[in-house]
Participant: 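Supplied in structure tokens, the structure appears directly below.
Reckoned from all heavy atoms, side chains included, excluding hydrogens, waters and symmetry mates.
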Amino acid sequence: VKPRDIVTMEAVKNALAVDMALGCSTNTILHLPAIANEAKLKFTLKMVNEISGRTPNLCRLSPAGKHHLEDLYRAGGVEAVMNELLKNGLINGKVKTVSGKKVSENISGFKILDKEVIREVSEPYIKDGGIAILWGNIAPEGCVVKRSAVDPSMYYHKGKARVFNSEEESLEAILNGKINSGEVIVIRYEGPKGGPGMREMLAPTSAIAGIGLDKEVALITDGRFSGATRGASIGHVSPEAQAGGPISIVKEGDIIEINIQENKINLLLEEREMKKRMENWNPPDIKIKEGYLARYSRLVTSAARGAVLE
């Protein structure tokens, strides 16, 4: 089987649908654009919401729910999830796989053995997929949230920005009780260029949950998250701060409005003020000035494109 026979747009759409059903990782929205780029496929983040809009969330794996990977395996595994999607016309069974067989052949005979762990399409946790892409003036190229791990009370949130230029700065504030209910934590200069390398923001999100604010505080970043993240944690804000994205001009006390149901995220500033701030902004020095990471920082593209190199 040739690689180009496997990495097709239908295969990418299948992968997205399965991820939506599982409610899994925001990192998928880095991996799939990067894979599509290698295969010369025209992948866009709009596809994510299109597939999410027709693919229900069938699993609630930790930290979004009480079930773990061993529970998923016992309940029939990913194959059972895929077969449920196939039966309902939500994935393409004719797609070839690395086994040399079609998807439909690989998952034939797999059934849901525990409907508490893997729900049927007719009775999902939510009717949309586990991941959503948001757009707005603070993220013109998009950003990603793991909707399945967000409490419904946080689907809409408006609050004052608390701005930090690194993960370490934000963590110090969280752990020392400097974050208040209702605020929006902004962590920037942690994207592909600014990191460099886009570190996982697991520590801040875990700390927020640890102090009991995951249903009261939102977090947005041009960095990324691990699969253990829960709450209104919004990552991959693009363009990133180091590249001059609007997240770079957010100030303490600015109001940020997040509407996950409508796929929107906005800095509530007049366009004139945003333009003025952008004109006065200058990029900070790249953190690492020599070696591979310095070259990487110069060449890497937006997270919206999979952070591929040009």
Side-chain angles (χ1 to χ4, degrees), residues 1 5-33 35-36 41 43 45-133 144-152 155 227-230 260-261 263:
V1 179
D5 291 335
I6 299 168
V7 186
T8 63
M9 188 56 77
E10 286 302 308
V12 171
K13 289 179 179 179
N14 275 0
L16 269 175
V18 174
D19 198 52
M20 294 300 174
L22 290 169
C24 276
S25 177
T26 52
N27 284 308
T28 301
I29 313 305
L30 283 172
H31 302 323
L32 286 181
I35 291 169
L41 301 175
F43 181 97
L45 292 185
K46 289 183 179 180
M47 287 173 50
V48 178
N49 283 350
E50 288 171 5
I51 291 172
S52 180
R54 62 174 182 260
T55 310
N57 179 216
L58 305 182
C59 301
R60 281 290 164 95
L61 303 177
S62 180
K66 64 182 180 179
H67 301 128
H68 297 84
L69 286 179
E70 59 266 32
D71 300 311
L72 176 65
Y73 179 78
R74 174 179 53 80
V78 174
E79 294 90 346
V81 175
M82 292 179 70
N83 212 9
E84 177 67 9
L85 295 176
L86 180 63
K87 287 192 300 181
N88 288 274
L90 296 172
I91 61 172
N92 187 336
K94 297 179 180 179
V95 171
K96 290 183 180 179
T97 69
V98 292
S99 69
K101 298 178 181 179
K102 297 176 183 178
V103 166
S104 59
E105 295 175 283
N106 285 344
I107 63 178
S108 177
F110 284 90
K111 299 178 180 178
I112 299 174
L113 304 177
D114 186 336
K115 293 182 182 179
E116 184 183 353
V117 179
I118 304 173
R119 293 194 176 184
E120 294 180 332
V121 166
S122 58
E123 295 185 20
Y125 282 100
I126 53 176
K127 64 181 181 62
D128 298 318
I131 290 174
I133 305 297
V144 61
V145 62
K146 185 171 168 179
R147 177 170 43 201
S148 61
V150 179
D151 188 85
Y155 283 175
T229 297
R230 72 174 186 266
I260 293 174
Q261 291 293 77
N263 303 107

Participant: Looking at C59, is its backbone amide N or carbonyl O close enough to the side chain of N57 to form a donor-acceptor pair, meaning the two atoms are under 3.5 Å apart?
Facilitator: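 Here the side-chain-to-backbone pair exists.
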Participant: Just do the side chain to side chain contact (heavy atoms under 4.5 Å, CB included) check on T26 and V145 with the steps written out, would you?
Facilitator: CA-CA 7 Å; T26 52; V145 62; over 6 Å; no
Participant: Going from CG on L113 to CD1 on I118, what distance comes out if it is rounded to the nearest 0.5 angstrom?
Facilitator: 7.5 Å
Participant: Please name all residues satisfying side-chain contact (heavy atoms from CB on, under 4.5 Å) with D114, sequence neighbours left out, ordered by chain then number.
Facilitator: R74, A75, E116, V117
Participant: Under the side-chain contact (heavy atoms from CB on, under 4.5 Å) rule, collect the residues that match up with N49, sequence neighbours excluded.
Facilitator: A132, I133, W135, N263
Participant: Looking only at non-hydrogen atoms, find the nearest pair between I107 and N83 and report the distance.
Facilitator: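 Between these two residues, the closest heavy atoms are O-ND2, 3.4 Å.
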Participant: What residues, two or more places apart in sequence or in another chain, satisfy side-chain contact (heavy atoms from CB on, under 4.5 Å) together with E10?
Facilitator: T8, K13, N92, V95
Participant: Could you check if a side-chain atom of L85 sits within less than 4.5 angstrom of a side-chain atom of N14, using non-hydrogen atoms only?
Facilitator: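 No, too far: nothing below the 4.5 Å cut-off.
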Participant: Looking at K115 and R119, what are the two nearest heavy atoms and their distance?
Facilitator: O-CG, 3.6 Å
Participant: Nearest 0.5 Å, please: how far is CE in M20 from CD1 in I126?
Facilitator: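 Between I126 CD1 and M20 CE, I get 10.0 Å after rounding to 0.5 Å.
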Participant: Kindly indicate whether the side chain of L30, heavy atoms from C-beta on, has any atom under 4.5 Å from the side chain of N27.
Facilitator: yes
Participant: Looking at R147 and I260, what are the two nearest heavy atoms and their distance?
Facilitator: CD-CG2, 4.0 Å
Participant: If we check side chain to side chain contact (heavy atoms under 4.5 Å, CB included) with V18, which of these qualifies: I51, T28, T55, V78?
Facilitator: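 So, applying the side chain to side chain contact (heavy atoms under 4.5 Å, CB included) to V18 and each of I51, T28, T55, V78, only V78 qualifies.
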Participant: Taking only residues two or more places apart in sequence, or in another chain, which ones meet P56 in a side-chain contact (heavy atoms from CB on, under 4.5 Å)?
Facilitator: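 Only L58, L90, V121, P124 meet the side-chain contact (heavy atoms from CB on, under 4.5 Å) criterion with P56.
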Participant: Of all heavy-atom pairs between L32 and F43, which one has the smallest distance, and what is that distance?
Facilitator: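 It is CB-CE1, 4.3 Å.
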Participant: Is there any side chain to side chain donor-acceptor pair (under 3.5 Å) pair reaching into residues 121-132, and which pairs are they, with sequence neighbours excluded?
Facilitator: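 For residues 121-132, and leaving out neighbouring residues, there are no side chain to side chain donor-acceptor pair (under 3.5 Å) pairs at all.
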Participant: Heavy-atom distance under 4.5 Å between the side chains of V103 and M82, does that happen here?
Facilitator: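 Of all side-chain heavy-atom pairs linking M82 with V103, at least one is under 4.5 Å.
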Participant: Compare every heavy atom of K146 with every heavy atom of G23, then report the nearest pair and how far apart it is.
Facilitator: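 Between these two residues, the closest heavy atoms are O-CE, 3.3 Å.
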Participant: As an exercise, state the distance from CD1 of I131 to OG of S25, rounded to the nearest 0.5 Å.
Facilitator: 6.5 Å
Participant: For K111, give me all partners under side-chain hydrogen bond (donor to acceptor under 3.5 Å, both in side chains), at least two apart in sequence or on another chain.
Facilitator: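 Once residues adjacent in sequence are excluded, K111 has no partner under the side-chain hydrogen bond (donor to acceptor under 3.5 Å, both in side chains) criterion.
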Participant: Do you know which two heavy atoms are closest between N106 and K101, and how far apart they sit?
Facilitator: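 Heavy atoms of N106 and K101 come nearest at OD1-CB, 3.5 Å.
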